[in-house]
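First up is the structure itself, then whatever we jot down about it.
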Amino acid sequence: MNLIFMGPPGAGKGTQAKLFAKTYGIPQISTGDILRQAVKEGTPLGKKAQIYLEKGELVPDEIMIGIIKDRLQEVDCQKGWLMDGFPRTIWQAVALDEILRQRGLHLDAVINIYLQEEELIRRVSGRRVCRNCGETFHVIFNPPLQEGVCDKCGGPLYQREDDKEETVRKRLEVYRARTKPLIEYYWEKSALISIDGGARTIEDVFKSIRDAIFSKIKKEG
Ligand code: ADP
Ligand code: ADP
Ligand code: ZN
């Protein structure tokens, strides 16, 4: 199964992608996680990426396409993969198509999670991430058992610098201008599945994603 999870910041891509990947035993490729890890380790990629992350801007396409090319070569991707946060521009999508074509791979579905803007802001403002394992929580909607501590690994939770309101608004603007056009791009390729990510529990959203993916795959044989 080769899948893409798409949507504006805060829609629930990461949460759903983690659940889906774990349930079906395929790797979750989160470009946001890869970039944040590189920043944390202070690698050359991290030093370059940090400037863009802080401003809520997109990291240049050439860098992102390079990351995805390398990641897809790793052995765990042979059984399929789930991309979360890539592609984010038309040019990234075109490059991905070419990579898949060269490697004889097929995209099974693109899940587009949509949500109203006020709700996105509410989700992002309360988001807390584990510094150690990357698990995501929400102070109200999905709180950890113990405040400030990761349920999964006991690591400390923090608020992402780019989740502060001003940067969130910038990221939403960037989403509208650069990423939203991908909805039409994948619609025309008959790959798109749209899912309402709002006013429902994480489990409810998960069920609709799962059902939609499997009925699409079944229909297409
Ligand atoms: P994205 O990866 O699209 O930016 P996340 O998966 O990180 O979004 O989710 C954003 C925030 O909303 C997180 O704090 C997460 O715990 C919370 N969240 C995710 N799904 C739901 C949901 N269905 N209901 C309420 N809160 C949610
Ligand atoms: P969110 O889940 O809130 O949508 P991500 O964790 O996916 O955020 O991404 C965080 C930041 O990492 C983005 O604002 C952007 O700066 C950078 N980034 C992640 N993926 C990409 C990509 N495919 N292209 C360019 N920049 C990216
Ligand atoms: Zn953790």
Side-chain angles (χ1 to χ4, degrees), residues 4-20 28-39 45-46 48-68 71 83-93 95-96 111-115 119-144 146 148-163 167-168 170-175 178-179 182 195-209:
I4 292 173
F5 280 27
M6 228 169 58
K13 305 179 290 295
T15 301
Q16 296 298 333
K18 275 197 189 74
L19 256 175
F20 196 93
Q28 172 209 10
I29 304 176
S30 160
T31 44
D33 286 350
I34 292 171
L35 293 172
R36 278 186 291 278
Q37 186 64 26
V39 170
L45 166 67
K48 251 187 256 166
Q50 188 165 20
I51 307 158
Y52 299 95
L53 287 169
E54 276 170 2
K55 291 195 217 147
E57 285 170 7
L58 294 182
V59 174
D61 286 339
E62 315 82 71
I63 297 180
M64 298 312 301
I65 292 161
I67 291 176
I68 284 295
R71 184 64 187 85
M83 288 184 193
D84 149 26
F86 185 95
R88 253 181 161 94
T89 65
I90 291 284
W91 185 238
Q92 289 179 15
L96 178 63
I111 308 300
N112 174 48
I113 308 178
Y114 61 89
L115 198 62
E119 189 59 24
L120 290 173
I121 306 241
R122 223 170 290 146
R123 295 249 182 120
V124 172
S125 319
R127 171 159 58 191
R128 297 293 182 274
V129 181
C130 175
R131 207 173 277 286
N132 187 34
C133 76
E135 189 72 7
T136 302
F137 299 87
H138 190 284
V139 289
I140 296 161
F141 306 139
N142 182 27
Q146 191 189 336
V149 180
C150 175
D151 289 354
K152 210 169 117 188
C153 77
L157 304 184
Y158 78 108
Q159 180 174 34
R160 274 166 50 179
E161 198 52 51
D162 62 344
D163 277 354
T167 319
V168 173
K170 169 76 185 166
R171 283 159 61 209
L172 285 171
E173 222 173 88
V174 169
Y175 168 79
R178 313 276 312 274
T179 308
L182 290 178
I195 299 283
D196 180 0
R200 298 193 296 158
T201 65
I202 291 172
E203 289 70 31
D204 287 340
V205 177
F206 180 73
K207 281 182 199 141
S208 19
I209 290 176

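Each ligand, and each atom within it, is numbered from 1 in the order the structure gives.
Residue nearest to atom 3 (O) of ligand 2, selected from R178, Q92, R171: R171 (by heavy-atom distance). The nearest non-hydrogen atom to atom 18 (N) of ligand 2, considering only T31, L35, V59, comes from L35. Nearest-heavy-atom check against atom 27 (C) of ligand 2 across Q50, E57, R88, E54 picks out R88.
Using a 4.5 Å cut-off on side-chain heavy atoms (C-beta onward), T31 and R71 make no contact. Annotation: side chain of L182 is in contact with side chain of M6 (closest heavy-atom distance under 4.5 Å). Side-chain contact check for D151 versus F137: some heavy-atom pair is nearer than 4.5 Å. Annotation: side chain of I4 is not in contact with side chain of I111 (no heavy-atom distance under 4.5 Å). Taking the side chain as every heavy atom from C-beta outward, Y52 and P60 approach each other to under 4.5 Å. Between C153 and N132, some side-chain heavy-atom pair lies under the 4.5 Å cut-off.
In this structure, L120 CG and Y175 OH are separated by 8.5 Å, a value rounded to the nearest 0.5 Å. Here L19 contributes atom CG and I209 contributes atom CD1; the two are 9.0 Å apart, rounded to the nearest 0.5 Å. The line from CD of Q92 to CD1 of I63 is 10.5 Å long, rounded to the nearest 0.5 Å.
In terms of polar-atom proximity, T136 is not counted as a contact of ligand 1, lacking any N or O under 3.5 Å from an N or O of the ligand. Looking at ligand 1, you won't find any N or O of V124 less than 3.5 Å from one of its N or O atoms. Here's the thing with K13: one of its N/O atoms is less than 3.5 angstrom from an N/O atom of ligand 1. Residue-to-ligand polar distances keep V205 apart from ligand 1: every N/O pair is separated by 3.5 Å or more. Note: an N/O pair closer than 3.5 Å links G12 and ligand 1 by distance alone. For G10, no nitrogen or oxygen atom sits less than 3.5 Å from a nitrogen or oxygen atom of ligand 2, counting backbone and side chain alike. At a 3.5 angstrom cut-off on N or O pairs, Y52 does not count as close to ligand 2. Considering backbone and side-chain N/O of D84, none are found under 3.5 Å from N/O of ligand 1. Checked by distance only, ligand 1 and R127 come closer than 3.5 Å through their nitrogen or oxygen atoms. Taking any N or O of A11, backbone or side chain, at least one lies under 3.5 Å from an N or O belonging to ligand 1.
Residues satisfying the salt bridge (Lys or Arg N to Asp or Glu O under 4.0 Å) test with E161, not counting sequence neighbours, are K164.
Salt bridge annotation for D163-R127: present, with a cationic side-chain nitrogen under 4.0 angstrom from a carboxylate oxygen. With respect to E119 and R123, a salt bridge is recorded, a charged nitrogen being found less than 4.0 Å from a carboxylate O.
Counting only N and O atoms by type, the side chains of T167 and D162 include no donor and acceptor under 3.5 Å apart. Using modelled atom types and a 3.5 Å distance limit, the side chains of R36 and S30 yield no donor-acceptor pair.
Near I202, with a cut-off below 4.0 Å to any heavy atom, the atoms of ligand 1 are 20 (N), 21 (C), 22 (C), 23 (N). For ligand 1 and G14, the ligand atoms under 4.0 Å from any heavy atom of the residue are 1 (P), 2 (O), 6 (O). Interface of T201 with ligand 1, defined as ligand atoms under 4.0 Å from a residue heavy atom, comprises 23 (N). For ligand 2 and P9, the ligand atoms under 4.0 Å from any heavy atom of the residue are 3 (O), 4 (O).
Given atom 26 (N) of ligand 1, the protein heavy atom at minimum distance is F141 CB, 3.3 Å. Distance from atom 14 (O) of ligand 1 to its nearest protein heavy atom, with residue and atom name: F137 O, 2.7 Å. Looking from atom 23 (N) of ligand 1 to the surrounding protein, the closest heavy atom is R200 O, 2.9 Å. With hydrogens left out, the protein atom closest to atom 12 (O) of ligand 1 is R123 CD, 3.2 Å, a heavy atom. Counting only heavy atoms of the protein, atom 15 (C) of ligand 1 lies nearest to T15 OG1, 3.8 Å. Closest protein heavy atom to atom 11 (C) of ligand 2: L53 CD2, 3.1 Å.
Taking a cut-off of 2.8 Å, the protein N, O or S atoms nearer than that to the Zn ion (ligand 3) are C130 SG, C133 SG, C150 SG, C153 SG.
Heavy-atom contacts from other residues, nucleotides or ligands closer than 6.0 Å to CZ of R178 number 12 or fewer. Within a 6.0 Å sphere centred on CZ of F206, other residues, nucleotides and ligands contribute more than 12 heavy atoms.
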Notebook entry, point to check: Would S208 and R200 count as a side chain to side chain donor-acceptor pair (under 3.5 Å) if you check the C-alpha gap in whole Å, the side-chain angles of each, and the deciding distance to 0.1 Å?
Noted result: CA-CA 11 Å; S208 19; R200 298 193 296 158; 3.1 Å; yes
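The part of N142 lying near ligand 1 is the side chain, judged by heavy-atom distances below 4.0 Å. With a 4.0 Å cut-off on non-hydrogen atoms, Q16 does not touch ligand 1 at all.
Remark: distances from the non-hydrogen atoms of R160 to ligand 2 include one below 4.0 Å. At least one heavy atom of P8 lies less than 4.0 angstrom from ligand 1. Ligand 1 does not have G7 within reach: every non-hydrogen atom of the residue lies 4.0 Å or more from it.
Looking only at distances, a side-chain donor or acceptor of K13 sits under 3.5 Å from a matching main-chain atom of G7. Under the 3.5 Å distance criterion, the side-chain polar atoms of R88 are matched with a main-chain donor or acceptor of G85. Listed for the H138 side chain is no donor-acceptor partner under 3.5 Å among the backbone atoms of S125.
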